[in-house]
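Since the structure comes first, as structure tokens, the remarks are kept for the end.
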Amino acid sequence: MAPRDQLERDDQGSKRKAGSTSETLSIQSTSFPAVAEDEEDAVPPLEEEVRDEPYGQLNTQVVGTRLYRGLVGPGQEVLLVRGSGINRSVHTIRCSFIIPNLRDSSALQVKNCSRVLVGNVPRGVASKLAPLMDQKRISVEGVINDGNSATLKFYGHPDDRAAVIPQLPTGTRISAPSYPQAIASRPTNNSQVITHRSSPACGRTERQPNQLEPSQAVPNANELQQILDKLNAVKDTGRSESLLDLVCNKDDILDLPVYGDPPGTQKGNLKVDLLKHQLQALQWCIEKETPVLPTNETERPVQFWQFKKNPNSSNFKVVTRSPQESAPVLGKGGLIGDAMGLGKTLSTIALVLATLNDSTPEKFSKTTLIVAPVSVLSNWEKQIRDHVSSEYLSTHLYYGNSRSISAAELQSYDLVITTYHTLAGEYGGPQESGGASRSKKKKVEGVLMDIPWKRVVLDEGHIVRNPKTKIAQAVYALTADKRWILSGTPIVSLRQKDLGSMLTFLKICKPLDCEDFFNRLLLRPLKNGVASGAQLLKALMSHICIRRTKEMQDAKGVPLISLPPVEMIRVYVTLTEDVRRLYDQIEEMSVKHFERTLKSPKGTIPQVNVLSMLTRLRQLVLHPGLLPASYLDDLTAKEAANVGDPVQIAFVRFDGSMSAKRRQEAIERFSAPVEKPAPSANPGASHKDYRSDLAESGEGDTVSLESGNSVNNRGSRLNQANARVMLISLKAGALGLNLTVANNVFLMDPWWQEAIESQAIDRVNRIGQKRNIRIYQLIAKNTVESKVLEIQGRKKELIKAAFSGTRSKETQRQQKEARIQGALPFRVSTQTRGACSQKLVLRSHRSIQTTENKHRPSRGGVNFLRLEATTRRGIYSAVRYFKFNFVMPLFSLCAPGSPLNCPPLMHKSRHLPRPAKRGKFTNRLGC
Ligand SMILES: Nc1ncnc2c1ncn2[C@@H]1O[C@H](COP(=O)(O)OP(=O)(O)OP(=O)(O)O)[C@@H](O)[C@H]1O
């Protein structure tokens, strides 16, 4: 595919997506900030939206085939492209009689998978389809039949079905809707959930393993340690078996050949020697950088190209069943998907060193570009400093002030390291949809886009999983001979965004790098449980990805790397009575509001409210201070007034589509003190800062864990004379950091996607860790947190089902319905369930926006570091400064003005329990 074509496609693709989700965007606002622009946040699984469903199919002729040089055969997939003029210049010269068709405003071209024109759809059919395609109301896919006929398949949004079907060409065989109306009456386990939740006694008095009652008090650190030691570990195979492990080839992965002439101590270019799995990765990478087409029929296909003896063409694309005359261009590179901490950075550096003097096609430079998140930049610097002999590798950090350098000068380096933001800033291509702020941003002068790189490596490459972002567009537009992605979690869900976008960057295994083909050949079959989808995904991944995990062992039981054991401990905590009461109250009000809104004439509830309510409940479980002081008042007032509008008070929208000004306003609103304190507000009570709580309560040697501790000072209860505590947001903790100085991890609240949690945990569980690791996952009983765990589990089951090859009896829509219903913590009557799920798209953006990296010497010996999502600098110096040898709690539900900043406590509301003493709202283990 020509780059130009690619750009046009990407652009079209984004536009179409933008169009189709505009409604979603408009109502998708979240209850609290925020998302860092460079790193797409973890998204709750409910975000998976039903993009389309089959409307019907039509057999039609393909006309004008003899006029074009494109080859197709029976069974081959073809593209249906609106007469866009992509090939206009070629064909107007060759075949002047095509001009009338191109001038036809409803022309519909048929192209083969190499995007070469094959023919046209007859005018009568095209004139019906063209307006629907232009309005992005349908997508059309085609397969060639015998002779000159093709089957066109139409897909569209389920909600638009009734309106579109009458407009389809005559003769279309209409498919049954994939979302039967009967769904609303389908029994679900939601009622169980509610019973479980709403019964005050239910489960709460029950003593469970690893359950910490609120009254449980621990007088000192040693006793706390003893309690922690006694907690039982849970089986946590799920974490070690990610989606990626299901799709990657494990059979002979430990027997791969090693690279024979590696960089290392003997050569002097590396100060350490590569481990065996790194030598294997090096060999694999070099093979992937020099792919060779098969030259006889017995050879295995390479990037789905097979050799076929044929008078016209010897290359045959297996996945689309299309032949090609000319030698296809193969992608060079792939995806290094090794689990976190196995040394992908060093493997990449070794690849650069091993291929320094290799010949590169003339038009490319000799320079490798590494693009990394800012927070990982220092890791690259450190690894190069620690492991590479400087005389063997010239490097330049292209960031901030060091950007004033000419393209020629930059190309004199072997390795250039930059950030996603820097790259996006220099990219002058099509602006992303949504986001006035970004579209107004001027292109920054720079040379990154001008250099034809030898190799581009995207570290934490899953960042580009959203093709609509400017970062993704920028990396697609880079010119490079070889392309690599490093990511331990390249796919966390089966959504197209994850892998499709990465393939677009890699330009490998065509035509799957094109969104259209990716959707039809891979994504749709996968979603529908058709075995071919799973098979293709596995074939694709075995081609492009190398994946090893820390758990892997060879035939003799020798592990890949030797690491201390990891124990996962799930700790169930019980809300204190007052928080429980508050939780039940808020939940009840939320349910009422939710149900009433559904019964309103509109019949739907905006996602924002469901998400907001869900998020508020999650925050409440973590700490009541995370909620706006007036939250319950507002909810109650709305409910009392029986206002049909959704509750908007106290919710602040913050997302990527907002302008900078509006985002700033949102942050200010969110962080601002409550304007009208409720009459019963306790003026004397101070709004405690997490940090000061932590520091203050750490006085002396006493460490306690008791119901009266606020969540803030619970952390300090883990204090020992030399204890070190690191508070880190889940998001910051999930990216590229090396925190082997810590060996105890506290997951303060569960995240929708286990993979994100695992990624964070792997900051500690990596090469260099010498001590046993304990992960404490804190779950508040009978709350929304239990639901999050259920969702994690259900997601795993769904993924397994998708790869078991058994087609699910449920439709895609039904599956989604079930997921959504299961996720709602609300009592929703069966009649209203269907309606709510129609529109329910939950998106969540959470990060800590404040850029701060503080430490504070404690009064009682607790030193702690605050490390947040957008902390840009100094991470490593901070890590070096502290010895986080004890605890690293991970939070996901943090936001500006909230928990790591001063949380306004809920006692301002007359509806909420006032703390008799500070920290009355405790609900869980202090950390
Ligand atoms: N061969 C080696 N010899 C000594 N140390 C090594 C070797 N390979 C990797 N390491 C060390 O292991 C640690 C983890 O490596 P690295 O950060 O490259 O992992 P990673 O796979 O990139 O992790 P992530 O996915 O989290 O970024 C680093 O401290 C690195 O220096």
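Residues: numbered from 1 along the sequence shown. Both counts, for ligands and for their atoms, begin at 1 and track the order of listing.
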Can you tell if the side chain of [X] reaches within under 4.5 Å of the side chain of [Y], non-hydrogen atoms only?
X	Y	value
Val566	Ile775	yes
Thr367	Lys454	no
Thr265	Leu270	no
Pro263	Leu282	yes

Yes or no: does Asp459 have any heavy atom under 4.0 Å from an atom of ligand 1?
no
Can Lys382 be said to touch ligand 1, with heavy atoms closer than 4.0 Å?
no
For ligand 1, indicate whether the residue [X] contacts it via side chain, backbone, both or neither (heavy-atom separation under 4.0 Å).
X	value
Leu342	backbone
Asp762	neither
Met340	both

For [X], take its heavy atoms, then give the atoms of ligand 1 lying under 4.0 Å from any of them.
X	answer
Glu460	27 (O)
Asn379	17 (O)
Leu346	1 (N), 2 (C), 7 (C), 8 (N), 18 (O)
Leu275	1 (N)

So between [options], whose heavy atom ends up nearest [atom]?
atom	options	value
atom 9 (C) of ligand 1	His277, Gln278, Arg766	Gln278
atom 25 (O) of ligand 1	Arg548, His387, Lys344	Lys344
atom 22 (O) of ligand 1	Thr345, Leu270, Val272, Ile561	Thr345

Is there any N or O on Gly343 that sits under 3.5 Å from an N or O of ligand 1?
yes
So is there a nitrogen or oxygen of Gly341 less than 3.5 Å from a nitrogen or oxygen in ligand 1?
yes
Trace of the side chain to side chain contact (heavy atoms under 4.5 Å, CB included) decision for Thr348 with Trp380:
CA-CA 10 Å; Thr348 309; Trp380 279 92; 3.9 Å; yes
Do Trp484 and Glu289 have a side chain donor and acceptor closer than 3.5 Å?
yes
Is Glu391 atom CD crowded by more than 12 heavy atoms from other residues, nucleotides or ligands, each under 6.0 Å away?
yes
Please determine whether side chain to side chain contact (heavy atoms under 4.5 Å, CB included) holds for the pair Val352 and Arg455, giving the CA-CA distance in whole Å, both sets of side-chain angles, and the decisive distance to 0.1 Å.
CA-CA 9 Å; Val352 174; Arg455 181 188 289 113; 3.9 Å; yes
Can you tell me if Arg547 uses its side chain to pair, donor with acceptor, with the backbone of Gly337 under 3.5 Å?
yes
